[in-house]
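Written out below as structure tokens is the structure these notes cover.
Computation of the quantities below employed the complete heavy-atom set of this structure, encompassing side-chain atoms and omitting hydrogens, waters and symmetry-equivalent molecules. Sequence lines set the chain letters: A, B, ... in the order given, protein chains first and strands last, and positions in each chain run from 1.
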Number of protein chains: 2
Amino acid sequence: MARKISESTVRRLSRYLRRLRELDARERRSVVSSAGLAQSTGTTAAQVRKDLSHFGSFGKRGQGYPVRALREQLEEILGLTQRWRVAVLGAGKIGSALLGYGYFTQRGFDVVAAFDSDQSRIGLDLGGVRVQPLSELKRTFEDRRVAIAIIATPVEAAQQSADMAVGAGARAILNFAPVKLDVPEGVAVREMDVTLELEGLCYMLTTGGPAADDTE
Amino acid sequence: MARKISESTVRRLSRYLRRLRELDARERRSVVSSAGLAQSTGTTAAQVRKDLSHFGSFGKRGQGYPVRALREQLEEILGLTQRWRVAVLGAGKIGSALLGYGYFTQRGFDVVAAFDSDQSRIGLDLGGVRVQPLSELKRTFEDRRVAIAIIATPVEAAQQSADMAVGAGARAILNFAPVKLDVPEGVAVREMDVTLELEGLCYMLTTGGPAADDTE
DNA sequence: TCCCGTTTGTGAAAGAGATCACAAGAACAT
DNA sequence: ATGTTCTTGTGATCTCTTTCACAAACGGGA
Ligand SMILES: NC(=O)c1ccc[n+]([C@@H]2O[C@H](COP(=O)([O-])OP(=O)(O)OC[C@H]3O[C@@H](n4cnc5c(N)ncnc54)[C@H](O)[C@@H]3O)[C@@H](O)[C@H]2O)c1
Ligand SMILES: NC(=O)c1ccc[n+]([C@@H]2O[C@H](COP(=O)([O-])OP(=O)(O)OC[C@H]3O[C@@H](n4cnc5c(N)ncnc54)[C@H](O)[C@@H]3O)[C@@H](O)[C@H]2O)c1
């Protein structure tokens with residue numbers, strides 16, 4: 001049943017899940033239609049149905065999808081039935097913000113460690129996590145079985161940080177530094193570059209109205 | 001001039017630009033081949049050439065692309081020949097990090113204002129910017145001609161923040177809150193959701209990675 | 001001048017992803 | 001039971017993106 005699922009599909013699944021959690025916990029809705037989900041996630045009804053159909057059939061014709069069950073299905077599909085242990089490398093401005101981010105826990109991620117090279121930051125307690133020196137990185141990754149590393153070190157140190165994380169057993173990296181990281185086969189990387197997104201917005205602004213659909 | 005350019009192309013252009021700036025400023029290279037650019041931005045040589053060819057022909061056959069000139073061309077294409085004024089809404093953890101982010105200035109963005117609803121945060125100086133009350137938002141956006149708003153308020157306040165920004169004249173929004181924003185036609189939005197990216201990594205780890213179980 | 005190794009620019013082909021359109025299923029009223 | 005209404009699931013189709021492949025251009029050397 002594990003076919004080739006595109007990254008864009010996975011992204012949308014994550015959005016559906018985000019919305020389903022809201023519907024379930026906050027809005028107490030018990031069913032939702034593909035059209036409803038599409039509306040609140042910025043896609044089309046057909047796209048929602050197609051995305052879900054890759055993994056099975058979860059809805060009832062005429063009724064829609066049961067919110068709770070679909071949420072659980074998506075968690076299963078995305079691999080979120082287990083909790084994931086995460087470490088933050090670089091306890092500076094962005095690293096501190098992430099360490100204090102309350103949502104991770106709710107969403108299945110446990111930030112269990114933080115590392116910094118700056119002596120003056122070591123020992124700090126940030127969001128309940130003690131900042132450790134790099135010398136303890138490998139051991140901590142192994143002991144606590146950290147699978148995901150978030151890189152929040154300066155650009156110049158980012159590749160080195162990635163190497164350390166991978167060397168210590170990390171199998172996925174979320175990179176906040178604006179550089180392309182080289183990692184061995186089998187290590188997953190996602191990049192978050194604020195500037196890149198801002199530039200995308202500029203392009204839209206500059207090339208006349210962004211969603212100028214039909215007007216030519 | 002250029003017709004429908006896809007978002008993925010624009011994203012790559014931004015990556016090329018990021019790399020070209022490195023090559024120009026740090027590594028002092030004066031030419032680069034499509035293969036070289038591809039290598040350091042995670043794509044293919046053919047893709048680089050095709051992307052650039054949508055806007056003109058900037059290279060010399062047999063030689064490659066002149067780094068400096070191509071950088072300037074990309075800045076032109078992306079609309080980065082002007083500086084853009086940006087405001088941050090929500091001066092909390094992530095908002096503070098962004099206000100202290102030094103790279104924006106280098107990349108053509110000026111963070112000129114910050115807003116918060118919390119009385120105790122108003123008046124703070126974060127990264128050289130004074131945190132203002134929401135009551136001053138509209139006026140400041142107009143006076144300083146702010147085009148881009150970065151939303152860093154809690155999920156529950158995000159839509160409201162977006163409405164205020166748009167009402168005050170913002171034409172683009174970079175949204176850090178994990179919700180889909182509804183904005184009027186003509187306003188560009190990009191979303192940065194850390195959790196969504198982490199979930200994407202989990203999916204990869206769960207399917208492609210660990211014990212490659214192709215159990216049908 | 002002509003040849004040779006190199007790298008671009010770009011139509012054409014292949015591949016992916018999104019959209020369409022509709023039969024099939026489910027609930028409910030009569 | 002039958003009809004009505006609603007919404008899913010999915011093959012077929014369409015559109016967009018990426019990859020391929022090669023002629024055209026460039027610089028250097030003989
Ligand atoms: N501040 C932001 O809002 C922001 C936004 C987007 C991206 N980023 C990126 O995130 C990264 C960090 O930015 P920041 O603003 O938090 O910078 P920062 O200087 O505040 O923090 C960086 C931290 O990393 C530590 N560090 C340096 N080398 C290290 C190493 N080899 N191993 C471990 N730790 C090391 C430093 O001691 C420092 O504490 C940068 O790459 C930046 O481009 C920052
Ligand atoms: N902390 C992180 O690392 C992180 C990472 C990714 C996304 N986010 C998202 O960014 C947003 C902010 O997160 P945070 O961790 O900085 O929270 P935070 O509570 O530290 O900061 C939020 C700030 O927004 C202010 N605020 C509340 N309502 C407002 C309004 N209507 N207008 C203006 N300001 C208002 C609050 O006073 C507070 O100062 C959230 O949506 C969060 O999900 C945070």
[X] [atom1] to [N] [atom2], straight-line distance once rounded to whole Å:
| X | N | atom1 | atom2 | answer |
| --- | --- | --- | --- | --- |
| B:L70 | C:dT7 | CG | C1' | 15 Å |
| A:R12 | C:dA16 | CZ | C1' | 12 Å |
| B:F58 | C:dT8 | CZ | P | 14 Å |
| A:Y65 | C:dA27 | OH | P | 15 Å |
| B:F55 | C:dT8 | CZ | P | 18 Å |
| B:H54 | C:dT8 | NE2 | P | 16 Å |

Taking only side-chain nitrogens and oxygens of [X], does any of them come within less than 4.0 Å of OP1 or OP2 of [N]?
| X | N | answer |
| --- | --- | --- |
| B:S34 | C:dT8 | yes |
| B:S57 | C:dG9 | yes |
| B:R49 | C:dT8 | yes |
| A:Q47 | C:dA18 | yes |

Reported CG-to-CD1 distance for the pair B:L52 and B:I77, which is rounded to 0.5 angstrom
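Nearest 0.5 Å value for the CG-CD1 distance: 7.0 Å.
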Ion pair check, [X] and [Y], cut-off under 4.0 Å:
| X | Y | result |
| --- | --- | --- |
| B:E197 | A:R11 | yes |
| B:R19 | B:E27 | yes |
| B:R15 | B:E22 | no |
| A:K180 | A:D182 | yes |

Do the side chain of B:D193 and the main chain of B:T195 share a donor and acceptor less than 3.5 angstrom apart?
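Yes.
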With a 4.0 angstrom cut-off to heavy atoms of chain A, pull out the first and last contacting nucleotide of DNA chain D, in 5'-to-3' order.
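First and last nucleotides in contact are D:dC6 to D:dA12.
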Taking the side chain of B:K50 as heavy atoms from C-beta outward, which of C:dA26, C:dT10, C:dC20 is closest to it?
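Nucleotide nearest to B:K50's side chain: C:dT10.
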Which nucleotide, C:dG9, C:dG17, C:dA23, lies nearest any side-chain atom of A:R61?
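For the A:R61 side chain, the nearest candidate turns out to be C:dA23.
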On DNA chain C, nearest-nucleotide positions of A:K60 versus A:A46: which is more 5'?
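This one resolves to A:A46.
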A:R190 versus A:N175: any side-chain heavy-atom pair under 4.5 Å?
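The answer is no, as the side chains (C-beta and beyond) never meet within the 4.5 Å cut-off.
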